[in-house]
Amino acid sequence: MLQIRDLVKIYPGPVAALKGVSLDIPPGLFGLLGPNGAGKSTLMNILAGLLEPTGGSVTLDGQNTLADPRVIWRVLGYLPQDFGFYPSLTGTQMLDFLLRLKGIEGGSGRRALVKELLERVNLAEAANRKVRTYSGGMKQRLGIAQAIAGDPRVVIVDEPTAGLDPEERQRFYRILGQLGRDRIVLLSTH
């Protein structure tokens with residue numbers, strides 16, 4: 001269980017992005033819905049261990065993730081709202097590189113995982129094309145593939161369906177729903 005207690009984030013200005021947020025997030029699919037500027041991305045960045053809050057606490061199964069972000073990093077699949085790629089790599093090369101960064105080793109095992117992930121996100125036919133030729137939706141699908149790799153216990157995706165057509169959007173909601181059967185999946189949308 002991910003427990004958030006009295007989370008506050010105040011940016012210079014001062015701008016209060018979060019004002020005492022408290023939530024319990026059990027395994028399952030959990031959505032954050034709100035307009036731009038509501039604090040969804042700020043909350044997700046704090047939960048992912050990328051941003052320090054002004055106050056409050058976050059624990060995963062009783063372990064303090066703010067004191068030691070490695071607690072969450074070890075089990076996290078994350079897709080930020082703006083995800084960068086190397087445009088000169090193919091989809092296969094890019095995903096393989098990202099899996100190596102995540103510590104997923106195994107040579108031929110990793111290659112098989114890359115192929116499986118590309119099929120799962122409907123990019124198998126574009127696997128050998130340069131990422132620079134991908135549409136925005138295709139890049140988003142590649143980002144989702146890296147986020148779900150490595151069997152993460154917690155998946156955080158910020159605006160995961162931005163740039164996707166309605167059919168692809170439904171495909172990803174199904175993927176995220178399946179993931180939510182036995183792990184925490186947190187997604188945001190406006």
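Hydrogens, waters and symmetry mates play no part in the numbers below; they use all other heavy atoms, side chains included. Here the structure is a predicted model, which is why all the values come from computation and not from measurement.
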J.: Please find the pair of heavy atoms, one from Ser22 and one from Asp6, that lie closest to each other, and give the distance.
T.: OG-N, 2.9 Å
J.: Linking I/L/V/M/F/W/Y whenever any side-chain heavy atoms sit under 4.5 Å apart, do Leu176 and Leu2 land together?
T.: no
J.: Would Lys9 and Tyr11 count as a cation-pi pair here, with the cationic atom under 6.0 angstrom from the ring centre and within 45° of the axis?
T.: yes
J.: Go through the side-chain N and O atoms of Ser188 and Asp158 and say whether any donor and acceptor fall under 3.5 Å apart.
T.: yes
J.: Would you mind reporting whether Phe83 and Gln140 have side-chain heavy atoms less than 4.5 Å apart?
T.: no
J.: For a quick test of reading the model, state the closest non-hydrogen atom pair linking Ile148 to Arg120 and the distance between them.
T.: CD1-NH1, 4.0 Å
J.: Please answer whether the main-chain N or O of Pro80 pairs with a side-chain N or O of Glu159 as donor and acceptor at a distance below 3.5 Å.
T.: no
J.: Checking the side chain of Tyr86 only, and the main-chain atoms of Gln93 only, is there a donor and an acceptor separated by less than 3.5 Å?
T.: no
J.: Would the distance check show the side chain of Arg141 and the main-chain N or O of Ala145 forming a donor-acceptor pair, the cut-off being under 3.5 Å?
T.: no
J.: Between Asp96 and Arg100, is the closest basic N to carboxylate O distance under 4.0 Å?
T.: yes
J.: Is any side-chain N of the basic residue among Arg5 and Asp24 closer than 4.0 Å to the acidic one's carboxylate O?
T.: yes
J.: Quick check: are there more than 12 heavy atoms from other residues, nucleotides or ligands sitting under 6.0 Å from NZ of Lys102?
T.: yes
J.: Indicate yes or no for a side-chain donor-acceptor contact from Thr92 to the backbone of Ala127 under 3.5 Å, with no hydrogens or angles considered.
T.: yes
J.: Going from CG on Leu123 to CG on Leu117, what distance comes out if it is rounded to the nearest 0.5 angstrom?
T.: 10.5 Å
J.: Hey, any chance Ile4 and Val75 share a hydrophobic cluster, counting ILVMFWY side chains that come within less than 4.5 Å of each other, even indirectly?
T.: yes
J.: Hey, does the side chain of Arg169 reach the backbone of Asp165 with a donor-acceptor pair shorter than 3.5 angstrom?
T.: no
J.: Looking at Tyr78, is its backbone amide N or carbonyl O close enough to the side chain of Gln146 to form a donor-acceptor pair, meaning the two atoms are under 3.5 Å apart?
T.: yes
J.: Return all side-chain donor-acceptor pairs below 3.5 angstrom for residues 55-63, not counting sequence neighbours, or 'none' if the list is empty.
T.:
residue	atom	partner	partner atom	Å
Asp61	OD1	Met1	N	2.5
Asp61	OD2	Arg153	NH1	3.4
Asp61	OD2	Arg153	NH2	2.3

J.: Do Leu142 and Phe85 touch side chain to side chain, with heavy atoms closer than 4.5 Å?
T.: yes
J.: Is it the case that the side chain of Lys130 and the backbone of Gly91 share a donor-acceptor pair, with hydrogens and angles ignored and the cut-off at 3.5 Å?
T.: no
J.: Between the side chain of Trp73 and the main-chain N/O of Ala48, is any donor-acceptor distance below 3.5 Å?
T.: yes
J.: For a 4.5 angstrom cut-off between non-hydrogen side-chain atoms, does Val131 reach Thr90?
T.: no
